[in-house]
Number of protein chains: 2
Amino acid sequence: MSVVSLGAGPSRVQARRAQTRRAVLDAAWALASGSGLEALSLRDIAASVGMRAPSLYSYFDSKAAILDALFVDGYRALDDQIAAVAASQPAKASPTRRLAALLQMWIGFCQDDQARYRLLFTNAVPGWVASAEAYQSSLDSYLRLCDYLAGAGITEADDIDLVTALAAGLVAQQMANDPGGDRWLRRVDDVVDMFVQHLRAHRKRATHLPEDRP
Amino acid sequence: MSVVSLGAGPSRVQARRAQTRRAVLDAAWALASGSGLEALSLRDIAASVGMRAPSLYSYFDSKAAILDALFVDGYRALDDQIAAVAASQPAKASPTRRLAALLQMWIGFCQDDQARYRLLFTNAVPGWVASAEAYQSSLDSYLRLCDYLAGAGITEADDIDLVTALAAGLVAQQMANDPGGDRWLRRVDDVVDMFVQHLRAHRKRATHLPEDRP
DNA sequence: GTCTATAGACGGATAGAC
DNA sequence: GTCTATCCGTCTATAGAC
């Protein structure tokens with residue numbers, strides 16, 4: 001097997017490197033989820049993959065680079081979830097159903113991993129901000145979100161801002177005051193109904209929001 | 001002056017202590033607002049009041065005790081703001097107006113001081129959680145909030161949870177994505193209208209929500 | 001690539017003189 | 001009460017041998 005090694009050269013070496021990088025990031029996720037994002041240290045990450053801290057610098061330039069990679073990881077996972085929700089919706093699903101499915105997923109996504117939630121959505125790491133390149137992946141995710149919302153008939157910037165605020169509020173309260181529970185999670189249908197009614201009442205011009213019952 | 005020193009004893013000494021404690025906390029607020037909450041160190045606080053770090057231990061048991069005191073400070077300030085908003089409302093103000101005034105104040109309160117926002121509403125300090133005594137002051141503040149909401153006809157737990165989620169969402173998005181601006185702040189009236197319409201539509205039983213125009 | 005050793009900085013907290 | 005001196009821990013990052 002592997003006839004591909006002609007001329008191309010170090011492809012197997014690169015694959016090995018990529019594997020190790022992946023293992024480092026996985027270990028970092030596990031540690032962050034377990035002991036908290038702010039307790040994440042290079043020493044612990046290295047130990048988790050059977051290394052010493054300095055060896056990590058063969059794979060990442062700095063701790064910030066690791067956090068960047070985790071950040072990209074996290075938004076990729078969110079992308080996948082949005083795609084999955086989109087795929088699970090029947091073609092004629094109502095805006096209400098689409099929105100409720102999205103918010104449900106979103107809150108679940110945050111509850112699944114508090115460390116990931118804090119990394120992606122709050123500025124929880126003291127000295128770190130996502131690099132421009134990493135930040136780009138969050139913008140990509142935002143575009144994918146907008147696509148999904150467009151499928152529910154929501155295209156205006158103001159409406160999108162309102163959806164993100166509703167989601168952020170439910171998530172923040174749920175995570176802060178009832179981490180494992182459903183005190184705000186179970187209000188999703190309520191909130192979506194409230195929002196959709198509001199849209200219908202204030203729809204100007206000919207913008208058409210599909211009816212819930214066609 | 002000061003005839004009061006008979007028998008009572010060390011009242012002037014205690015007053016001096018309280019003054020110094022106050023100065024320490026004020027310095028801590030200034031540093032946190034300037035350099036960020038997580039950069040707050042005992043050395044810097046002490047230097048700001050013309051001391052060295054160990055001297056602070058004459059006034060506070062630990063750094064956690066200082067954070068606790070700041071936490072209480074912050075909720076006291078929020079209490080004052082809620083009281084001020086309540087006092088500024090004419091007796092016959094509509095629920096819509098009352099809610100809008102509250103949310104406006106709330107967002108402004110958070111925008112006034114990012115460090116305070118992070119201390120009170122997010123778990124931004126790595127090793128610290130508010131002590132039970134300090135936490136009590138946040139519960140007091142919550143009760144005061146409930147009082148205010150009751151004045152707007154909102155008394156059911158589910159409705160209160162919805163209000164806090166709406167507020168938390170607007171605040172979180174505003175602070176994270178447009179810190180100094182008004183991208184979400186200016187949506188307060190919209191959100192309040194949405195919420196009030198929702199309440200009216202779903203009011204069960206004889207619960208009476210005052211009309212906006214009597 | 002991985003290691004040991006260490007630099008260099010920062011943090012909270014304590015001992016003990018004054 | 002305040003100080004100096006110091007302990008002890010944390011961390012990221014680098015130098016240089018192997």
Side-chain angles (χ1 to χ4, degrees), chain A residues 9-25 27-28 31-32 34-71 115 119 124-131 134, chain B residues 9-25 27-28 31-32 34-71 115 118-119 124-131:
Chain A
S11 77
R12 276 205 297 271
V13 175
Q14 284 176 5
R16 182 83 186 92
R17 266 186 71 85
Q19 263 184 10
T20 305
R21 274 180 64 102
R22 187 65 261 159
V24 168
L25 295 178
L31 285 170
S35 315
L37 184 61
E38 35 278 321
L40 195 63
S41 77
L42 296 184
R43 279 191 236 281
D44 291 347
I45 298 173
S48 290
V49 294
M51 281 182 183
R52 305 301 183 115
S55 304
L56 293 179
Y57 286 86
S58 298
Y59 300 96
F60 296 93
D61 287 341
S62 64
K63 185 184 184 182
I66 294 180
L67 291 171
D68 277 348
L70 294 176
F71 186 84
L119 180 68
V125 185
W128 175 80
V129 283
S131 69
Chain B
S11 77
R12 274 204 301 269
V13 175
Q14 284 176 5
R16 182 83 186 90
R17 266 185 72 85
Q19 264 185 10
T20 305
R21 273 179 64 101
R22 188 66 261 159
V24 168
L25 296 179
L31 285 171
S35 314
L37 184 62
E38 35 278 320
L40 195 64
S41 76
L42 296 184
R43 283 175 167 82
D44 290 348
I45 298 173
S48 290
V49 294
M51 283 181 181
R52 305 301 183 116
S55 305
L56 293 179
Y57 286 87
S58 298
Y59 300 96
F60 297 91
D61 287 340
S62 63
K63 185 185 182 182
I66 294 181
L67 291 171
D68 277 346
L70 294 175
F71 186 84
R118 295 177 69 93
L119 180 68
V125 184
W128 175 80
V129 283
S131 68

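Lettering of chains follows the sequences in order, A, B, ..., and the numbering in each one begins at 1. If you're wondering where the values come from, they're calculated on a predicted model, not measured in any experiment.
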Tell me, yes or no, whether the heavy-atom count around A/R22 atom CZ, taken from other residues, nucleotides or ligands under 6.0 Å, exceeds 12.
yes
Rounded to the nearest 0.5 Å, what's the gap from CG on A/D68 to CG on A/D61? Could you check?
10.5 Å
So, for B/A28 and B/I45, which heavy atoms are closest and what is the spacing to 0.1 Å?
CB-CD1, 4.0 Å
B/A47: what forms a side chain to side chain contact (heavy atoms under 4.5 Å, CB included) with it, not counting sequence neighbours?
none
Separation of B/R21 atom CZ from D/dG1 atom C1', in whole Å?
15 Å
I'd like a list of close polar pairs between nucleotides 16-18 of chain D and the protein, N/O only, cut-off under 3.5 Å.
none

Inter-end axis angle, the helix from C/dG1-D/dC18 to C/dC18-D/dG1, with every axis fitted to five base pairs (rounded, 10 degrees):
10°
Under the side chain to side chain contact (heavy atoms under 4.5 Å, CB included) criterion, do B/I66 and B/W128 qualify, and how do the steps go?
CA-CA 11 Å; B/I66 294 181; B/W128 175 80; over 6 Å; no
For the atom pair CD (B/Q14) and CZ (B/R17), what is the distance rounded to the nearest 0.5 Å?
8.5 Å
Of all heavy-atom pairs linking A/L40 and A/K63, the shortest is O-NZ, 2.7 Å
Write down the distance between CG (A/L37) and C1' (D/dC11), rounded to a whole number of angstrom.
15 Å
Taking any heavy-atom pair under 4.0 Å as a contact, classify A/R16: base, sugar-phosphate, or nothing.
nothing
Find the distance B/F60:CZ to D/dG1:P and express it as a whole number of Å.
13 Å
Euclidean distance, atom CD of residue A/E38 to atom C1' of D/dT12 [Å, nearest integer]
17 Å
Pairwise distance CG(B/L25) to OH(B/Y59) - rounded to 0.5 angstrom
12.5 Å
Do A/Y57 and A/L42 touch side chain to side chain, with heavy atoms closer than 4.5 Å?
yes
Check each residue of residues 47-54 of chain B for a non-hydrogen atom within less than 4.0 Å of any atom in DNA chain D, then write out the ones that pass by number, or none.
B/G50, B/M51, B/R52, B/P54
Can you sort out the partners of A/S48 under side chain to side chain contact (heavy atoms under 4.5 Å, CB included), two or more places apart, ordered by chain and number?
A/A27, A/L31
Return the minimal non-hydrogen interatomic distance between A/V49 and A/A23, and the atom names on each side.
CG1-O, 3.7 Å
Euclidean distance, atom CG of residue A/L56 to atom P of C/dG1 [Å, nearest integer]:
13 Å
Using a cut-off of under 3.5 Å, enumerate the N/O to N/O pairs linking the protein to nucleotides 6-12 of chain C.
from	atom 1	to	atom 2	distance (Å)
C/dG12	OP1	B/K63	NZ	2.8
C/dG12	OP2	B/L42	N	3.0
C/dG12	N7	B/R43	NH1	3.0
C/dG12	O6	B/R43	NH2	3.1

Looking only at heavy atoms, what is the nearest atom pair of A/F71 and A/A134, with distance?
CE2-O, 3.4 Å
Would you please test B/V24 and B/L56 for side chain to side chain contact (heavy atoms under 4.5 Å, CB included) and show each step?
CA-CA 8 Å; B/V24 168; B/L56 293 179; 3.9 Å; yes
Round to a whole Å and report the spacing from CG of A/D61 to C1' of D/dT12.
14 Å
Using whole Å, report how far CH2 of A/W128 lies from P of D/dT12.
15 Å
Taken to the nearest whole Å, CD1/A/I45 to C1'/D/dA13 is 14 Å
Minimal heavy-atom distance between B/A46 and B/R52, with the atoms involved, is CB-C, 3.4 Å
A/S55 side-chain N/O to C/dC3 phosphate OP1/OP2 under 4.0 Å:
yes
